[in-house]
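Quantities reported herein were computed from a predicted structural model and do not represent experimental measurements. Hydrogens, waters and symmetry mates are skipped; everything else that's a heavy atom, side chains included, is used. Chain letters run A, B, ... following the sequence lines, proteins first, then strands; residues in each count from 1.
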2 protein chains.
Amino acid sequence: MQGGGSELNERKKLILKAIIEAHVKEGEPVGSKYLTQNKQIALSSATIRNEMAELESLGYLEQPYTSAGRVPSESGYRFYVNSLMQKYRMSQNELARMNALAKSRLAEIDRLLESATRLAAGLTNYTSIAIKPKQSTAVITKFKTVLLDKQLFMLVMIDGMGNIKTRQITSDEEINEETLARLENELNARIANKRVDEITVSLVMEIERSFGEGEGIISSVIKTVCETLGEPEGGDLKMAGVNHLLEYPEFSDAREFKELLGVLEEKRDILKLVSDSDLDEDGPQVLIGSENILEEMKNSTMVFQKIKSNGKVVGAIGIIGPRRMDYSKVISTVEYIAQNISLMLNSSLSLPEAFGEDEN
Amino acid sequence: MQGGGSELNERKKLILKAIIEAHVKEGEPVGSKYLTQNKQIALSSATIRNEMAELESLGYLEQPYTSAGRVPSESGYRFYVNSLMQKYRMSQNELARMNALAKSRLAEIDRLLESATRLAAGLTNYTSIAIKPKQSTAVITKFKTVLLDKQLFMLVMIDGMGNIKTRQITSDEEINEETLARLENELNARIANKRVDEITVSLVMEIERSFGEGEGIISSVIKTVCETLGEPEGGDLKMAGVNHLLEYPEFSDAREFKELLGVLEEKRDILKLVSDSDLDEDGPQVLIGSENILEEMKNSTMVFQKIKSNGKVVGAIGIIGPRRMDYSKVISTVEYIAQNISLMLNSSLSLPEAFGEDEN
DNA sequence: GATTAGCACTCGACCGCTTTGAGTGCTAAA
DNA sequence: TTTAGCACTCAAAGCGGTCGAGTGCTAATC
């Protein structure tokens with residue numbers, strides 16, 4: 001049923017490609033007669049029918065019911081994506097919108113991802129997600145403290161990726177700036193750059209000893225730090241353009257749509273899906289239908305690409321839509337945006353850019 | 001058409017109430033015969049019909065078409081909410097789930113709001129939103145800096161509400177810890193607690209003079225600060241349970257649903273809607289159908305309540321659903337959650353709580 | 001005067017039927 | 001090998017009739 005597709009002759013490839021592109025465009029089963037309009041295919045409907053029958057028996061096409069047109073199967077789309085598809089050429093307008101993002105000078109990954117999702121959704125007319133994986137908080141590189149009230153202070157933690165986590169901590173006793181500064185030093189000296197399993201009881205005791213008074217705070221703080229490090233749902237997911245999905249008749253079945261929406265909201269599964277995929281894969285990845293492990297996504301396709309900053313995966317951006325999707329456009333868009341973001345992140349770290357030249 | 005409702009006698013009120021509650025429960029037009037089952041109404045269907053006809057001419061009921069049952073009109077719901085509705089009694093289970101939130105010790109408003117939305121959506125089976133208005137960043141009370149790289153540092157800004165904003169700033173020249181500390185002091189001394197219109201050019205020049213070297217950084221920093229203060233779309237909106245909406249037949253019309261979704265994603269309008277409403281109103285507010293100014297929400301109802309911390313509005317939590325809504329339950333839930341959050345925020349600032357007693 | 005029983009009427013929902021037409025597979029001719 | 005022709009299939013769309021919930025009105029009853 002799968003088949004690498006190498007057994008297909010050129011004519012079959014041509015017809016398959018035409019069928020997929022017609023189906024993506026029209027959204028309805030494609031018949032043999034329709035294809036005769038295609039100038040590239042100079043064949044009668046009967047011949048096309050024969051070829052279609054063979055393509056079906058090879059598993060690339062499906063028939064919703066006897067004597068309806070043909071619809072691409074999952075492996076049909078897969079073969080299309082792997083071998084037939086041509087690269088999409090961005091329009092001037094689209095390029096302009098992409099470049100607007102590049103010019104936005106958003107240095108922080110959070111805001112960058114948010115803008116990127118919106119852009120991706122807007123350009124493709126599909127739903128877009130941006131993911132920041134949890135793995136990023138393996139280690140905290142820097143602690144900062146801010147006194148907010150007599151007994152309340154804020155702990156700011158920064159990890160290697162530039163992510164910031166803040167927690168407010170209440171103390172039983174009054175704290176002053178000076179104590180807090182000592183706490184900060186202590187944390188930076190002994191806890192910074194340690195993994196959660198390296199924070200041992202004896203280490204904590206050592207800190208308490210050297211800190212002296214107010215050990216109560218120490219234990220609160222350490223606990224908070226450990227919680228933050230271990231945080232299982234640390235990953236963040238942003239979404240945009242959910243409403244676009246409703247434009248596609250395949251989601252007019254409310255029940256299915258509801259389930260898909262539920263999964264998207266329940267961030268956990270999606271995060272898992274993305275982080276499960278090949279970590280080494282650099283380019284865009286396409287999961288068609290049941291290639292998504294999630295039952296709820298078996299009628300959807302997800303295209304995403306990881307975003308790297310200095311060699312590390314710091315996020316991913318993706319598009320979710322029906323299986324019948326403009327793969328060429330979507331893949332190009334995702335790829336382009338992901339690359340651009342990676343570029344921006346890298347450049348903001350190494351090549352200092354001139355700030356403040358444009359005044360608006 | 002509007003009418004305060006005082007012209008209604010007890011019997012009409014009873015019937016109107018019964019109709020609304022039946023319609024909310026069943027989702028279908030309510031007929032006179034159906035109401036005769038109601039023990040409270042010991043009348044024949046004919047009498048009820050007469051009353052219903054009058055209620056319709058008063059504008060409280062509507063007929064989808066000749067000789068269908070009656071459906072509450074907008075003013076019908078409004079009257080119900082204002083005068084007829086009884087307070088919803090939480091079940092044991094519901095109370096337990098609410099209290100779980102209270103016990104969660106989430107001190108930061110962001111995470112608190114996120115949990116609260118999820119809770120509200122889960123309890124009511126409607127879509128829930130949580131809003132953090134932009135107004136909160138009128139003034140920055142504290143600056144902190146963190147050196148990330150030779151020419152890159154992070155500016156952490158904390159405002160009066162405990163909101164944290166971070167920006168990364170690149171410098172043309174190399175920076176060391178010591179310079180950065182001076183910058184931090186300078187900012188805290190001269191910019192902290194100033195409104196954006198109080199940051200004058202002469203003030204900036206003064207800082208540059210006293211700071212001496214590397215004035216380039218100063219202007220970058222000040223620019224960033226002003227951007228942050230003025231940030232027009234600063235408000236944040238979290239959503240949960242969007243998929244619940246699809247359970248209600250009134251949203252099975254995909255086009256309408258799509259529009260509503262679009263508005264919810266386009267946070268701006270909702271933020272405006274909430275902040276436009278009576279600032280002084282403390283209790284839950286109910287916007288039924290076209291009482292929402294947004295065209296896209298004319299078939300929806302929104303119930304929300306502001307959340308105050310130390311007298312200031314720091315957010316709001318709300319529920320969005322069809323006009324046919326279990327008002328009693330929704331209003332109670334929103335009210336309860338909002339009050340609880342307010343309480344938690346206040347207590348975490350003033351009354352120090354014992355931490356670390358429960359170990360899970 | 002208020003209530004109720006009775007009755008004719010309305011109108012969408014539903015059911016089953018037919019028609020339509022796009023599309024197929026097969027066969028025989030080119 | 002390709003194509004024209006033909007019989008066949010089947011969902012979609014259109015149509016007419018029935019059903020029944022619900023109404024408004026009128027006349028009888030309390």
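- Here the P atom of nucleotide D:dT23 and the CZ atom of B:Arg49 are 6 Å apart, to the nearest Å.
- Proximity note for A:Ser44 (side chain, C-beta onward) versus C:dT24, D:dT3, D:dT23: the nearest is D:dT3.
- Spacing between atom CE of A:Met52 and atom C1' of C:dG25 amounts to 12 Å, rounded to whole angstrom units.
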For this session: Apply the test ring-ring contact (aromatic ring centres under 6.0 Å, His included) to residues B:Tyr60 and B:Tyr77: give CA-CA distance (whole Å), side-chain angles for both, the deciding distance (0.1 Å), then the verdict.
Result: CA-CA 8 Å; B:Tyr60 294 116; B:Tyr77 282 124; over 10 Å; no
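- A donor atom on one side chain and an acceptor atom on the other are found under 3.5 Å apart for A:Asn82 and A:Arg78.
- Nearest heavy atom pair, residue B:Thr333 against residue B:Lys329, reads OG1-O, 2.6 Å.
- Distance from the side chain of B:Thr66 is smallest for C:dT10 among the nucleotides D:dC25, C:dT10, D:dT9.
- Checking B:Ala46 against A:Asn50, the closest nucleotide of DNA chain C that is more toward the 5' end is the one next to B:Ala46.
- The side chain of A:Ala53 sits closest to C:dG25 out of C:dT4, C:dG25, D:dT3.
- Within residues 31-41 of chain A, the residues approached by DNA chain C to less than 4.0 Å at the level of any non-hydrogen atom are A:Gly31, A:Ser32, in residue-number order.
- Put simply, A:Arg70 has a side-chain N or O that comes within less than 4.0 Å of OP1 or OP2 on C:dG25.
- Side-chain contact annotation: B:Asn299 with B:Glu256, donor-acceptor N/O pair under 3.5 Å present.
- Computed from coordinates, the A:Gln63 CD to D:dC10 P distance equals 10 Å when rounded to whole Å.
- Ranking D:dT23, D:dT3, C:dT4 by closeness to the A:Thr47 side chain, first place goes to D:dT3.
- Considering only side-chain N and O atoms, A:Ser67 lies nowhere under 4.0 angstrom from the phosphate OP1 or OP2 of C:dT24.
- Ion pairing between A:Glu335 and A:Lys87 holds under the 4.0 Å rule for side-chain N and carboxylate O.
- The CD-P distance, from B:Glu26 to D:dG22, rounds to 11 Å in whole Å.
- One can place OH of A:Tyr65 at 8 Å from C1' of C:dA22, the figure rounded to the nearest angstrom.
- Separating the NE2 atom of A:His23 from the P atom of C:dG23 is a distance of 13 Å, rounded to the nearest angstrom.
- B:Thr301 and B:Arg323 form no side-chain donor-acceptor contact under 3.5 Å, judged by distance and modelled atom types alone.
- Across the protein-nucleic acid pair, A:Glu62 atom CD and C:dT24 atom C1' stand 17 Å apart, rounded to whole Å.
- Checking the phosphate oxygens (OP1, OP2) of C:dT3, a side-chain nitrogen or oxygen of B:Arg11 falls inside 4.0 Å.
- The separation between A:Glu51 atom CD and C:dC26 atom P is 15 Å, rounded to whole Å.
- Checked by atom type, the side-chain pair B:Ser328/B:Gln86 shows no donor-acceptor distance below 3.5 Å.
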